[in-house]
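Scroll down for the structure; my scribbles are underneath it.
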Amino acid sequence: MSATPTERPSDRTAMLSQLESERAFELFVPGRICLMGEHSDWAGSYRRFNAALLPGMCLVSGTNQGLYAKACRHPSKLIVTSIDHTGTAVGPVEFPMEPAALIAAAESGGHFSYVAGVAYQILVRHHVSGLVIHNYHTDLPARKGLSSSAAACVLAARAFNRVYDLKLTVRGEMDLAYHGEITTPSQCGRMDQCCAFGNRPVLMTFDGDRLDCDELNLKCTIYLAIVELDGTKDTVEILQKLTKCYPIPDDDAEAGVHELLGPINTRMMKEAMKALDQEVQRCMPIGSAHSALICTSRRQKLGELMDEAQMLFDKYAMPVCPSQLTAPNLHRVLEYAPLRKFIWGAKGVGSQVQPPLPCSPKRIQMSVLTFQSPVVVQTLCGVSLSSTQSAGRRLCTTTVQIPRGHGGCYCCCGEGARYVGYASAGKCSLGVA
């Protein structure tokens with residue numbers, strides 16, 4: 001089969017005309033944040049080689065920011081355009097809808113390699129022709145540990161699914177997105193594609209090649225702030241050092257990583273699920289003084305678990321890769337006394353760059369903490385928050401300044417209404433939607 005492996009510029013006007021003339025589908029896919037259990041996804045996959053290992057478990061949630069797109073059929077080509085969170089437009093770029101061209105584009109690691117990788121996986125499994133994807137708006141920051149690449153892969157899989165009525169389940173879209181992403185130079189774990197579930201919490205269990213996903217429906221709101229620490233990391237080095245400990249440890253340090261990602265992680269996740277489940281079962285009727293007290297105690301328990309998880313990560317994982325996991329920015333923020341009184345607990349996520357902070361509504365209500373960088377705010381119970389500035393009245397009453405060197409930006413909100421958080425250029429405001 002003859003095909004050129006290189007991408008070619010396409011005509012934007014022709015692409016937009018194609019979207020207008022064909023039946024176009026509106027799509028949105030959020031990013032994701034791992035709240036607890038990071039690294040246990042790939043660790044659990046090693047049960048294929050060492051049955052003594054425990055399955056991995058992660059508590060993951062979609063974010064309120066993501067990729068917005070329109071998609072329609074094309075007779076013979078994959079045509080893609082995107083606008084990133086800074087407003088920078090790329091494309092349109094077209095690829096022949098042929099296996100050789102798509103896999104070459106995926107393996108090149110170019111801007112649209114993720115979409116090409118998914119298109120290749122779709123093409124070899126289903127009877128499809130071409131596709132136009134116009135990613136016309138993005139408010140999900142790239143390269144911030146929020147899985148913007150996984151969101152792009154799920155977006156491509158969902159676009160093919162909707163346009164060609166492939167009747168894929170969410171799990172089917174996730175599987176194609178995962179195989180599409182690992183067709184590229186990026187070697188992600190299976191956790192990232194949970195963004196396919198939308199902005200809701202999911203418990204994921206990894207047992208060898210098997211993946212189980214349980215969507216959580218919480219009745220009480222848990223308020224989290226996701227903080228960018230404006231630091232750097234080398235994910236490749238971190239994963240190289242941690243995966244070297246598997247499937248069989250060679251020394252006590254590597255055995256400690258097994259303990260962290262196995263028995264310790266299993267215990268922590270069970271305790272977290274117990275706390276969340278007790279919130280669901282006992283916080284009734286909503287609004288009563290007793291239910292508010294129980295909800296507060298459960299949030300506090302989750303925060304305490306996050307503090308413990310961070311302490312154990314430092315104890316067992318940091319010695320294996322101290323150059324990357326010492327995380328000075330993270331620890332400066334977590335140890336900053338004026339911040340601690342506003343939160344129940346905190347921990348780093350992923351490669352120890354961003355900490356989620358469970359907030360106390362009683363103490364944080366109508367407060368804004370101003371650091372230095374952008375912020376993503378979300379809840380675990382599915383309340384939709386926006387990163388755009390609210391037209392509602394200002395609720396700002398308290399500001400805590402964090403000295404230079406403590407990094408990050410942090411915004412918290414109380415309960416009783418939907419809130420809109422906004423942050424840019426080192427300032428935050430809070431309004432009621």
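Side-chain atoms are counted along with the backbone in the values below, which use heavy atoms only and exclude waters and symmetry mates.
The backbone N or O of D139 sits less than 3.5 Å from a side-chain atom of Q65, completing a donor-acceptor pair. Proximity of a side-chain donor or acceptor of N161 to a complementary backbone N or O of K167 within less than 3.5 Å is detected. Side-chain atoms of D41 do not come within 3.5 Å of backbone N or O of G56 as any donor-acceptor pair. R47 places no side-chain N or O within donor-acceptor distance of the main-chain N or O of D207, the cut-off being under 3.5 Å. A distance-only check finds a donor-acceptor pair linking the side chain of R171 to the backbone of L211 [under 3.5 Å]. Side chain of T169 to main chain of G172: a donor-acceptor pair is present (N/O by atom type, distance under 3.5 Å, no hydrogens or angles). Looking at N135, its side chain never comes within 3.5 Å of a backbone N or O of T81 through a donor-acceptor pair. Judged purely by atom type and a 3.5 angstrom limit, T138 uses its side chain to pair as donor or acceptor with the backbone of I83. Distance alone, capped at 3.5 Å, is enough to place a donor-acceptor pair between the H258 side chain and the C245 backbone. Not a single donor-acceptor pair under 3.5 Å links the side chain of K347 to the backbone N or O of E308.
No hydrogens or angles considered: nothing links the side chains of H85 and S148 as a donor-acceptor pair under 3.5 Å.
I122 has its side chain out of reach of L131: every pair of non-hydrogen atoms, C-beta onward, lies at least 4.5 Å apart. The shortest distance between side-chain heavy atoms of H134 and I79 does not fall below 4.5 Å. Side-chain contact check for Y164 versus H126: every heavy-atom pair is 4.5 Å or farther apart. R32 places none of its side-chain heavy atoms less than 4.5 Å from the side chain of F197.
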(message) Could you walk me through whether L176 and F160 satisfy the side-chain contact (heavy atoms from CB on, under 4.5 Å) test, starting with their C-alpha distance in whole Å, then the side-chain angles of each, then the deciding distance to 0.1 Å, before giving a yes or no?
(response) CA-CA 11 Å; L176 284 166; F160 276 104; over 6 Å; no

(message) Go through it in stages, so that I can follow the logic: the residues are V320 and E254, the test is side-chain contact (heavy atoms from CB on, under 4.5 Å), and I'd like the CA-CA distance, side-chain angles, deciding distance and then a yes or no.
(response) CA-CA 7 Å; V320 176; E254 293 186 358; 5.6 Å; no

(message) Under the criterion side-chain contact (heavy atoms from CB on, under 4.5 Å), I'd like the reasoning laid out for H111 against V93: C-alpha separation, chi angles, the key distance, then a yes or no.
(response) CA-CA 10 Å; H111 185 81; V93 169; over 6 Å; no

(request) I would like to know whether M97 and V128 meet side-chain contact (heavy atoms from CB on, under 4.5 Å); could you show each step before the answer? (result) CA-CA 9 Å; M97 197 65 183; V128 299; 4.1 Å; yes

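Evaluation of the ring pair (Phe, Tyr, Trp, His ring centres under 6.0 Å) rule for H74 yields no partner, not counting sequence neighbours. In terms of the side-chain hydrogen bond (donor to acceptor under 3.5 Å, both in side chains) criterion, residue partners of T86 (sequence neighbours excluded) are, by chain and number, D84, T88.
In this pair, Y136 and Y68 present their aromatic rings tilted. The plane angle is within the 30 to 60° band.
In this structure, CZ in F112 is found 4.0 Å from OG in S82, a value given to the nearest 0.5 Å. Of the inter-residue distances, the one linking R48 atom CZ with L53 atom CG reads 11.5 Å to the nearest 0.5 angstrom.
Taking both residues in full, the closest heavy atoms of G31 and C195 are given as O-CB, 3.8 Å, listed atom of the first, atom of the second, then distance. Residue R158 comes nearest to A196 through the heavy atom pair NH2-O, 2.8 Å, listed as atom of the first residue, atom of the second, then distance.
E181 pairs in a side chain to side chain donor-acceptor pair (under 3.5 Å) with only one of the listed residues (R190, Q121, Q193), which is Q193.
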